[in-house]
Amino acid sequence: MRDPLTVLTDAFTSFLFGKVETTRLPVRTSTGQAQAVYLPTAAPGLGDSGVIIGREVYSGKGYIYDPFQLYGQQLPAPHWLVLGESGNGKSALEKTYVLRQLRFRDRQVVVLDAQGEDGVGEWNLIAEELGITPIRLDPMAALDHGIRLNPLDPAITTTGQLALLRTIIEVAMGHGLDERSGFALKVAHAYVNETIVERQPVLTDIVEQLRHPEPESAEAMNVAIDDVRAWGLDVALVLDRLVDGDLRGMFDGPTTVGIDLDAPLIVFDLSHIDRNSIAMPILMAIVGVWLEHTWIRPDRKKRIFLVEEAWHIINSPFVAQLFQRLLKFGRRLGLSFVAVVHHLSDVVDGAAAREAAAILKMASTRTIYAQKADEARATGRVLGLPRWAVEIIPTLTPGIAVWDVNGNVQVVKHLITETERPLVFTDRAMTESSSDLRDDALRAAELEAEERAAAFMEQHIGDSSESTVA
């Protein structure tokens with residue numbers, strides 16, 4: 001039985017304020033209506049250790065990404081694919097990412113810079129700021145004491161040299177070497193390495209040995225010397241193009257003194273090379289093998305290999321196979337491969353579609369900037385993006401991208417500091433006389449993007465199915 005004083009108190013309270021409800025009945029509604037009360041929360045971030053990228057658009061939280069910190073926990077592989085049409089911020093993202101990674105002492109970055117501006121590669125400003133001299137590969141300058149890369153450099157292992165020679169020849173010929181041509185190349189390479197010890201062997205030595213093979217090489221296989229010479233003829237003609245043809249000067253001599261492969265940043269400036277010429281994939285092959293075999297050492301460094309205009313690599317099956325092997329060795333080399341591509345169709349519909357698919361599969365991080373609707377849908381199908389992410393990609397404004405880190409999908413606004421700004425933008429010719437207007441336009445675009453993203457989330461993310469909210 002209730003206490004009489006309590007009964008009196010409750011009666012007096014009811015008289016003054018009306019009946020007091022002690023229970024709240026459930027209300028049936030939809031999440032589309034209830035989201036005004038129970039606001040949606042953003043997906044969890046990637047941790048607080050690594051490099052700051054910017055902030056997650058919907059929550060405003062800082063977005064931090066580092067493949068070396070995430071590897072083995074949230075990432076099965078440290079490789080990264082960056083997609084998007086020109087002018088949306090791909091280059092700015094990569095440049096600030098590199099600058100911030102270089103603050104760690106155990107980092108080394110190699111950039112293949114295939115884009116040019118003002119007669120130099122677009123990474124030239126950053127290299128100058130860090131006191132680095134880019135390795136500028138130019139067929140014309142090479143004839144006048146320019147930069148040379150020797151495929152037979154002693155810094156590359158003997159096995160690596162032979163693999164590099166095969167790749168160069170296969171890229172130039174457009175098909176693989178048959179067994180007989182491969183044998184002729186092998187014995188010529190072995191003879192040159194055994195007999196030339198007082199200097200660096202060079203491609204001229206290989207060409208000469210292919211034209212005039214030693215009798216011992218024929219006797220070892222019990223074949224005629226004329227047969228060995230015939231087997232190596234096509235190989236000699238291809239290498240002769242590097243020695244005395246339109247590509248001469250870049251590969252037919254000792255490696256230029258002063259190239260520092262231990263520098264924290266190494267920039268290979270390929271901006272003077274015709275992107276559609278055979279020189280580009282040959283250069284990629286040489287650089288790839290050269291780096292692979294000079295990196296194999298127990299120095300515990302974390303390396304980032306960033307390739308601009310990456311479809312020029314992946315569209316060559318032989319070079320794509322080389323880079324595929326490099327990616328597989330990523331764990332042993334402490335390597336994160338970063339490929340920057342305009343459209344996914346550039347590579348998945350190319351000559352090396354199978355190799356491209358394998359490389360894309362190894363990229364556990366995907367960053368997608370604005371694309372047209374059709375391209376966004378195709379990208380979503382290949383990469384397995386959620387529907388809401390595919391729908392938002394065409395609406396993205398410069399500096400904002402969809403990030404998919406092994407299934408953790410978020411929309412991220414890239415932030416650039418005032419110190420970084422003059423180093424990362426690559427359209428100086430268009431903007432050097434109107435920087436203030438440009439900054440105002442960027443800020444306006446960023447605000448508009450945030451508003452559009454928020455409106456999109458409110459309209460699309462909420463599920464229209466009913467639920468019970470207590």
Side-chain angles (χ1 to χ4, degrees), residues 51 53 65-68 78-84 86 89-104 106-138 147 149 250 256 258-273 275 279-281 283-292 294-295 301-314 319 322-323 326-327 330 333-342 359 363 365 367 414 416 420 423-426:
V51 172
I53 298 296
Y65 171 79
D66 191 305
F68 304 110
H79 309 306
W80 181 12
L81 175 67
V82 182
L83 292 165
S86 297
K90 298 190 307 296
S91 292
L93 170 67
E94 298 307 329
K95 289 172 183 173
T96 56
Y97 174 74
V98 166
L99 286 169
R100 296 167 191 178
Q101 279 282 4
L102 289 176
R103 292 181 177 272
F104 297 95
D106 64 342
R107 301 292 197 264
Q108 185 183 41
V109 181
V110 174
V111 177
L112 298 190
D113 182 6
Q115 302 231 56
E117 183 180 24
D118 298 336
V120 295
E122 67 171 71
W123 283 77
N124 191 67
L125 276 177
I126 289 178
E128 287 182 350
E129 181 71 14
L130 299 177
I132 302 296
T133 301
I135 302 172
R136 186 164 294 120
L137 296 167
D138 183 350
I147 297 293
L149 294 179
M250 291 188 293
T256 302
I259 294 179
D260 184 10
L261 289 182
D262 292 319
L265 174 65
I266 304 171
V267 177
F268 288 93
D269 183 350
L270 312 178
S271 60
H272 288 262
I273 307 295
R275 299 178 194 176
M280 184 64 78
L283 271 172
M284 296 298 188
I286 290 177
V287 170
V289 174
W290 196 35
L291 292 175
E292 176 187 344
T294 54
W295 277 347
K301 281 191 176 181
K302 307 293 189 298
R303 293 184 167 91
I304 299 167
F305 188 18
L306 190 151
V307 183
E308 300 273 9
E309 309 286 344
W311 64 88
H312 290 290
I313 296 172
I314 304 175
V319 181
L322 170 69
F323 277 74
L326 193 63
L327 267 63
L333 299 175
L335 175 68
S336 171
F337 177 75
V338 184
V340 183
V341 178
H342 283 185
I359 289 175
T365 300
T367 300
H414 175 218
I416 304 172
E420 295 167 331
L423 298 176
V424 303
F425 286 114
T426 57

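By convention here, the first residue in the shown sequence is residue 1.
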**Message:** Set out, in order, the CA-CA distance, both residues' side-chain angles and the distance that settles side chain to side chain contact (heavy atoms under 4.5 Å, CB included) for Ile53 and Leu93, then state yes or no.
**Reply:** CA-CA 8 Å; Ile53 298 296; Leu93 170 67; 4.0 Å; yes

**Prompt:** Minimum heavy-atom separation for Glu122 to Asp113, with atom names?
**Reply:** N-OD2, 2.9 Å

**Prompt:** Glu420: what forms a salt bridge (charged side-chain N to carboxylate O under 4.0 Å, His left out) with it, not counting sequence neighbours?
**Reply:** Arg100

**Message:** Quick check: closest heavy atoms across Lys90 and Gly84, and the distance to 0.1 Å?
**Reply:** NZ-O, 2.8 Å

**Request:** Could you list the residues that satisfy side-chain hydrogen bond (donor to acceptor under 3.5 Å, both in side chains) with Thr256, not counting sequence neighbours?
**Result:** none

**Request:** Calculate, to the nearest 0.5 Å, the distance between atoms CZ and NZ belonging to Phe104 and Lys302 respectively.
**Result:** 11.0 Å

**Item:** Which residues share a side-chain hydrogen bond (donor to acceptor under 3.5 Å, both in side chains) with Glu128, sequence neighbours left out
**Value:** Asn124

**Request:** With sequence neighbours left out, write down each residue that passes ring pair (Phe, Tyr, Trp, His ring centres under 6.0 Å) with Tyr65, or none if nothing qualifies.
**Result:** Trp80, Trp403

**Prompt:** Which atom names give the shortest non-hydrogen contact between Leu306 and Glu94, and what distance separates them?
**Reply:** CD1-OE1, 3.2 Å

**Request:** Mark yes or no for whether Ser336, through its side chain, and Pro78, through its backbone, hold a donor-acceptor pair below 3.5 Å.
**Result:** yes

**Prompt:** Which heavy atom in Ile416 sits nearest to a heavy atom in Ala92, and how many Å separate them?
**Reply:** CD1-CB, 4.0 Å

**Asked** How far apart are the C-alpha atoms of Asp106 and Phe68, what are their side-chain angles, what is the distance that settles it, and do they pass the side chain to side chain contact (heavy atoms under 4.5 Å, CB included) test?
**Response** CA-CA 11 Å; Asp106 64 342; Phe68 304 110; over 6 Å; no

**Prompt:** Between Ile126 and Leu265, is a side chain to side chain contact (heavy atoms under 4.5 Å, CB included) present by the stated rule, with each step listed?
**Reply:** CA-CA 10 Å; Ile126 289 178; Leu265 174 65; 4.1 Å; yes

**Request:** Could I get the full list of side-chain hydrogen bond (donor to acceptor under 3.5 Å, both in side chains) partners for Arg107, not counting sequence neighbours?
**Result:** Asp66, Gln101

**Prompt:** Does Asp269 use its side chain to pair, donor to acceptor, with the backbone of Gly121 at less than 3.5 Å?
**Reply:** yes

